[in-house]
Structure formats: structure tokens, C-alpha cells
Amino acid sequence: MANIRQKKPVFRMAVAGSLIAALASQTAFAQSTPDARREALRVAPHPGMMPHAGRMFPGRSLAGVPGFPLPTIHTQRAYEPDGTFTARWTRADALQIKAHSNPSVPAGQNSLPAQLIMPDIPADFPTINPDVWVWDTWTLIDKHANQFSYNGWEVIFCLTADKNAGYGFDDRHTHARIGFFYRRAGIPVSRRPANGGWIYGGLLIPEGAQEQVFTGTTYTLTAEWSGSLRLLDPNDNRVSLFYTDMAFNRDASGQDITPAQAVITQSLGRIHADFNHVWFTGFTTHTPLLRPDGVLYQNGAQNPYYNFRDPFTFEDPKHPGVNYMVFEGNTASQRGTPNCTAEDLGYRPNDPHAETVQQVLDSGAYYQEAAIGLAVAENASMSKWKFLTPLISANCVNDQTERPQMYIKNGKYYIFTISHRTTYAAGIDGPDGVYGFVGNGIRSDFQPMNYGSGLVLGNPTDLNQAAGTDYDANPQQNPRAFQSYSHYVMPGGLVESFIDTVENRRGGTLSPTVKVAIRSDASIVDLRYGNGGLGGYGDIPANRAAINVRAFIQDLIGQNISIRSNTTGQVNSFVNTNQ
């Protein structure tokens with residue numbers, strides 16, 4: 001979340017094209033049916049033209065595209081956080097992605113609107129570390145999602161896996177451990193190494209400590225999956241880790257004997273720093289917070305492939321002192337039950353391009369049941385939580401809405417999440433990347449951003465070509481269709497991610513940071529940022545500084561570093577120089 005002041009656009013492109021199109025349709029408009037009149041008023045995009053009059057933020061248009069249904073009407077109205085209203089990312093919404101895709105680009109190009117696409121990552125990218133793969137990454141934040149440096153150091157947290165342990169990059173998920181990196185704060189990109197200058201500090205959680213959550217259950221291996229890390233008080237060094245504790249019960253061939261166990265978990269620790277490095281203590285006690293209940297959120301008994309992970313905690317300015325959590329889930333139902341509704345499809349009455357419920361059910365789209373969940377803390381220590389009704393469902397649209405975040409800007413509430421092309425339901429298509437929804441409160445009738453589609457930042461993708469996979473690319477597909485993933489939106493609209501596959505080269509390292517400019521229900525990639533829109537690799541800056549001189553001196557003493565009479569002056573000089 002952030003309060004970011006946006007600059008006004010410095011230019012507007014000509015609107016002559018849309019005016020001519022509107023004038024040309026006057027005669028037909030006067031004599032046609034309501035549906036035909038609506039079709040006549042639409043402006044079809046073509047190569048080199050920003051759709052709908054080429055506005056600076058063209059995604060604000062909800063006029064639709066000929067041959068496709070109109071997006072669902074969403075009011076953005078706010079409801080009480082503990083209410084029962086759930087917004088829907090509908091099929092009518094998600095079809096706007098395909099509607100704004102160019103059907104005639106040469107094979108292997110990008111068919112999606114350029115203002116929503118991450119610039120190409122060079123194939124000669126550097127790696128952050130030679131010994132560990134890195135993917136999902138997050139920062140040290142406070143209750144408002146400000147990103148903090150601590151006593152002169154910036155710190156990030158990543159899912160990591162050992163490159164030298166004998167398994168491949170695509171097997172990393174069952175071996176994932178939360179690691180941390182640090183670097184001196186305030187150093188400009190031009191003075192850092194190409195890979196961002198991040199120093200690997202090691203694992204955050206002591207080996208095996210997270211297994212206590214699964215005492216009394218059967219499992220063969222455990223992993224630590226994504227979450228968030230809260231600096232509890234900027235004047236103190238106490239931190240709270242919220243993460244997804246995973247346990248797998250598998251046979252010798254790697255097949256599940258029973259469904260994986262996913263538990264949203266809390267662990268407390270402390271951050272420390274001296275002149276030379278950052279380290280952590282604690283994280284020895286792990287408190288299970290939430291398990292999917294099968295009532296609001298699908299569990300393993302209902303679906304062995306259920307999603308339940310990625311806790312992100314925050315305080316709502318409209319509800320001071322109350323801590324909320326968003327997370328990824330699935331709609332609670334038995335897998336394979338054909339239960340999509342007309343509301344999940346979201347078509348407007350009499351839309352000539354609408355599908356029927358039966359057509360969608362016949363396609364098998366009901367296997368996709370993504371949801372963005374909400375929970376509220378029941379105590380100040382955030383060690384006890386209860387489920388609330390999901391904020392957004394995507395039934396018959398997509399099966400994954402990973403790493404959701406709540407981002408508050410100019411009084412608007414944005415939910416950003418990430419998803420894959422391969423997790424869309426039958427009949428729906430979209431790129432790997434960031435998807436966004438905007439409303440007037442935590443619980444709202446969230447409107448999908450950018451043409452009503454939801455797409456905010458996608459990889460360069462040709463929707464006219466089959467997807468392939470990151471490990472087995474379709475040679476006809478854009479070679480950067482899987483270039484980055486696990487995007488995390490930071491203050492000021494900066495977005496970090498990790499590199500997956502660029503021109504068949506696998507990554508496992510931090511991507512160049514990009515920036516999105518956000519205005520109301522639309523966004524664009526800011527090509528003025530960095531070099532043609534690409535910032536530094538792992539350019540993850542703090543926008544706040546936590547300076548604790550007393551703790552700094554204690555950490556120096558604890559490291560047996562010589563203390564001289566002017567230590568306080570040295571410390572102040574260090575932390576001030578590095579902000």
C-alpha cells in the first residue's frame with residue numbers, strides 16, 4: 001500500500017480517429033437495433049493505435065471491442081469488511097484481454113496492448129547469487145506496507161533453493177526455504193553491481209523449526225512458501241513473519257499419497273545490523289494461524305490441488321488498529337462439481353456475444369475456482385485470526401490468484417495478484433503477469449482494471465499462439481512469454497519479480513524492476529523509468545528508514561566489535577550516509 005502522488009499527463013494523443021468513426025456510424029445508428037447500435041459505436045484497435053482514441057491511460061475505456069461481449073458492470077461500492085459480499089472477476093471481464101489482443105501480429109511477437117506489457121528482459125541477465133535460486137520476493141514492511149531499511153541496510157526476503165543439491169529448477173518448490181538478502185541503503189543503481197548488489201544472508205528460519213506445525217501428522221518433506229514480513233514498530237527491532245508452511249506426503253516416485261498440507265503460520269524474530277552485515281534471531285516458535293475450512297475456502301479433502309497460501313497483512317486506514325490479511329484460496333466446493341452461475345459469467349442482458357451457463361459447463365471451465373481470501377486478527381499480537389468471506393472469486397475464469405496484496409492510493413483500494421496463462425479456464429486467455437482490481441474499500445464490488453479486463457502488467461505474449469511452458473517453450477510463441485513472474489507491487493508503483501525463462505535460458509534470479517503509473521481504474525508501464533522502462537536488476541528501494549541507535553550499539557557489542565567513545569557519532573554517520 002502506498003500514498004503516491006501522480007504527475008498529470010503532459011500530452012494527449014489526437015482523438016480524430018474516434019470522431020470520424022462515430023460520424024461514419026450515424027446513419028446506421030439511427031436505423032439499427034440497440035445491440036447493433038452498441039456495436040457500431042465501438043472502435044476496433046489496430047496495430048500502432050492505442051484503442052479508443054489513444055488516451056494516455058487507454059485502459060479506462062469500457063466500450064468493448066466488436067465481436068466480444070462487454071465487460072461486467074462493477075460499481076466499486078464499498079461494503080463492511082466483515083460482510084458477505086464477494087466481487088467476481090467474471091468471464092465477461094477476462095474476455096476483454098483477448099478482445100484487446102491483436103489477431104494479426106507475426107508469430108512470436110506480442111499481441112497485447114504495449115502499455116500493459118513488461119519490456120523485454122535481455123537474455124544476458126546477471127544472477128543474484130551463484131548458490132541459490134531465487135523466486136518469490138518481498139520486503140520489510142510496516143502496517144501500511146511502507147518498505148523499511150533498518151539501520152542503514154535494505155533487506156529483502158526470497159524463496160530460495162539450493163542450486164547444488166541435485167534437483168532441477170522446476171523441482172524447487174518442495175525444497176523452498178525463506179532466505180534473506182541485504183545491501184547498503186540509498187546507493188543509486190549506477191553505483192551498484194549489475195545484479196543489484198544484494199548479499200545473501202542465509203536462511204531466516206532455523207532448520208526444521210517449521211516442522212512443529214505438523215506434529216502428529218504424516219509427511220515426508222516440508223517447505224516454506226511465500227508470505228510477508230512486518231516490522232512491528234519502526235522504533236524497535238521486533239519482526240513478525242507470516243508465511244505458508246507446507247508439508248508433503250509423497251512416495252518414492254514423488255507422487256502424493258495424501259494431499260499436501262498448507263498452513264498459514266506466524267513466527268516472531270528480531271532484526272540486527274552492524275557496520276558490515278544484517279542478521280536475524282528468533283523464528284524458533286511457529287504458530288499455525290489458518291487452515292482451509294472447506295466452508296469458505298477449499299481444502300485438500302475437496303480438491304487435492306487446492307490453493308491456500310501467500311498471507312499479506314495490513315491495517316486499513318478506515319479501521320485503525322484492526323489487522324487484516326489477504327491470501328490466495330479457492331472457492332469451497334468439491335473439485336469437478338459443475339457449479340458456475342450466470343453471475344460468474346457476468347454477461348450483460350441480451351449481449352449477443354454472451355455464453356450460456358450450459359456452454360461454459362460443457363467446456364469444463366468449472367475446474368477453475370480461484371478466490372482472494374480475507375481474514376481479520378482477533379488479538380493485538382496477530383496470533384489468532386478468523387476467516388471472512390472471500391473478497392474476489394474467479395469461478396470458471398482462473399484457478400490461481402497468487403500473492404495478493406492490498407495497495408491503497410488516493411483513497412482507492414487496489415488488489416494486485418498474479419496468475420499464469422496456463423491456469424485460465426477453457427475459453428479464456430491471458431498472459432503470465434499482474435492483475436489488478438479497484439474499489440472504494442477493503443471489501444468492494446471490485447472493478448477489474450484496464451478495459452475491465454484485470455490485466456495490469458503482462459509478459460510479452462502472442463495470444464494467437466499456444467502457450468507452451470517455461471520449461472518446454474512453443475517455438476512459435478514470444479520467447480519472453482515466461483520471462484518474469486511473482487510480481488510484487490511496491491510503493492510508488494515499482495514492481496519487482498523474478499526471471500523465469502528468457503529465450504530458453506532459465507533464471508531463478510531477480511528481474512529488472514519496472515514501474516506502473518496508476519490512475520483510477522487504469523495503468524500504464526512507465527517507459528521513462530530506467531532504460532526504456534527497465535530499471536536495475538533487483539532495484540527494490542526502501543521508502544522509509546528505521547534507525548535504532550541503541551539497538552545498533554547493542555548489536556555491535558554482541559558481535560564483540562570494539563566500542564570507542566564516539567560510537568554514537570559513527571553510527572549516526574553510517575545510517576545517515578546510507579539513507
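When reading the values below, keep in mind they use all heavy atoms of this one structure, side chains included, and skip hydrogens, waters and symmetry mates.
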Check: When you look at H173 and M246, which way does the side-chain contact (heavy atoms from CB on, under 4.5 Å) test go after all the steps?
Finding: CA-CA 10 Å; H173 298 290; M246 296 294 302; over 6 Å; no
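Between W138 and Y488, the ring center distance fails the sub-6.0 Å criterion. The distance between the ring centers of F308 and F327 falls below 6.0 angstrom. Here H175 and Y167 bring their ring centres to under 6.0 angstrom of each other. Ring centroids of F169 and W133 are separated by less than 6.0 Å, placing the two rings close together. Between W89 and Y435, the distance from one ring center to the other falls under 6.0 angstrom. Within the 6.0 Å centre-distance limit, the rings of H286 and Y243 are counted as a close aromatic pair. When ring centroids are compared, F387 and Y297 come within the 6.0 Å threshold. Centroid-to-centroid, the aromatic rings of F437 and H74 stay 6.0 Å apart or farther. Ring to ring, F157 and F280 are close: their centroids are under 6.0 angstrom apart.
For S453 and N450, the side-chain atoms include no donor-acceptor pair closer than 3.5 Å. N459 and S484 form a side-chain donor-acceptor contact under 3.5 Å, judged by distance and modelled atom types alone. Between S486 and R403, the side chains place a donor N or O and an acceptor N or O closer than 3.5 Å (distance only, hydrogens not considered). A donor and an acceptor atom, one from each side chain of S240 and Q266, are located under 3.5 Å apart. One side chain, S226 or D136, offers a donor N or O that lies under 3.5 Å from an acceptor on the other. Side-chain contact check for N249 and T220: no donor-acceptor pair (N or O, by modelled atom type) lies under 3.5 Å.
The side-chain contact (heavy atoms from CB on, under 4.5 Å) test with T417 is passed by exactly one of I372, N398, V434: I372.
Between Y485 and F498, the angle of the ring planes goes over 60°, which puts this pair in the perpendicular group of the 30/60° scheme.
Every residue two or more places apart in sequence or in another chain was checked for a ring-ring contact (aromatic ring centres under 6.0 Å, His included) with F283, and none qualifies.
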